[in-house]
Amino acid sequence: MNVVTSIPTDITPDGTDYDTVRHVIEMLTEDYRDQPSLETIARRLRQSPTQLQKVFTRWAGLSPKAFLQAVTLDHAKRLLRQEGMPLLEASIEVGLSGPGRLHDLFVTHEAMSPGEWKARGGGLTIRYGFHPSPFGTALVMVTDRGLAGLAFADAGEERASFEDMAGRWPNATYLEDSAATAHYAARIFNPERWCAEEPLNIVLIGSDFQIRVWQALLNIPLGKATTYSKIAGDIGQPTASRAVGAAVGRNPISFVVPCHRALGKGGELTGYHWGLTRKRAILGWEAGKG
DNA sequence: ATCGGCATTTGTT
DNA sequence: AACAAATGCCGAT
């Protein structure tokens, strides 16, 4: 399997900014006890505070101060507090495909059970490509029906990321084709290109349970969050919160299916398949878009 | 730190 | 194919 190693860096300036942001988040959460000041952090990164300031505002649309505030537990709790409508309408049936106002990046989704996938999947081709994103390198996977996978990788981890994704659909044929995936990446990570007129087509491939959970995630608007237990309740299995967590963790189209907006009941960021730091980064970034 | 709960996966017969 | 065991972005004690 050929995994490209050269990733273009000139599509979006955010691509390189993320590296800085990631380090800041890591420092902040690792030494949260002694609350390192912005100056301390800047010094440790061998950058001037002004430079850091610039990177943040460019990356998040948020001052460092506002950004820092956005990745705290407090903020997470605030996201949870806003009571929303149920995440899943009772009328939505498993496997039903349809349009909808899902996410703020509008998407239409099509669900495919493993059975359908198998029937069709043996001969199906998945085209993939690596692209810079505000959250590190993104691995985009598409079928002729639409976006099927979105993963992340820190520098040097592209291969592992690819294996992780490819392992989910072992029977597919994989073709490196970043020309085919580039416009997906460009659109997904640019809020200015999110519009209802041309929703993004995505293909959800998973068990009934997983698809119900992922549909619930799609209904969480930008700037809000929910909990695993609430999702469990909304899909009619109030005691299955842990199973919900597992399903959320298997979400193949991260970011687009906003699994980062699922938090623990107390607002903790419990976990993220592509790393907790990234979950914080995405939530912080979104705080600047709301 | 532990344990109940539950979908899925992985390892055994 | 059936079953047991392990695992995971939970949640409560």
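Residue numbers start from 1 in every chain, and the chains themselves are labelled A, B, ... in the order their sequence lines are given, proteins ahead of strands.
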Spacing between A:Ile231 atom CD1 and B:dA7 atom P, to the nearest angstrom: 15 Å
Under-4.0 Å side-chain N/O to phosphate OP1/OP2 contact, A:Gln237 with B:dC6: no
Complementary nucleotide of C:dC9, counting Watson-Crick and G-U pairs under 3.5 Å: none
Sugar-phosphate, base or nothing in reach of A:Ala247, heavy atoms under 4.0 Å: nothing
Main-chain N/O of A:Arg187 paired to A:Trp194 side chain as donor or acceptor, under 3.5 Å: yes
Between C1' of C:dG11 and NZ of A:Lys230, the distance in whole Å: 15 Å
Side-chain ion pair, A:Glu39 and A:Arg43, N-O less than 4.0 Å: no
Close side-chain approach of A:Met165 and A:Ile126, heavy atoms under 4.5 Å: no
A:Trp274 and A:Phe135: CA distance, side-chain angles, deciding distance, ring pair (Phe, Tyr, Trp, His ring centres under 6.0 Å) verdict: CA-CA 10 Å; A:Trp274 306 109; A:Phe135 316 109; over 10 Å; no
Rounded distance (Å) that lies between atom C1' of B:dA7 and atom CD1 of A:Ile235: 10 Å
Dump the pairs, protein N or O against N or O of nucleotides 6-10 of chain C, anything under 3.5 Å, distances to one decimal.
{"from": "C:dG8", "atom 1": "N7", "to": "A:Arg242", "atom 2": "NH2", "distance (Å)": "2.7"}
{"from": "C:dC9", "atom 1": "N1", "to": "A:Gly271", "atom 2": "O", "distance (Å)": "3.3"}
{"from": "C:dC9", "atom 1": "O2", "to": "A:Tyr228", "atom 2": "OH", "distance (Å)": "2.3"}
{"from": "C:dC9", "atom 1": "N4", "to": "A:His273", "atom 2": "N", "distance (Å)": "3.3"}
{"from": "C:dC10", "atom 1": "N4", "to": "A:Arg242", "atom 2": "NH1", "distance (Å)": "2.6"}

A:Gly266 versus A:Leu73, closest heavy-atom pair with distance: O-CD1, 4.0 Å
More than 12 heavy atoms from other groups under 6.0 Å of NZ on A:Lys65: no
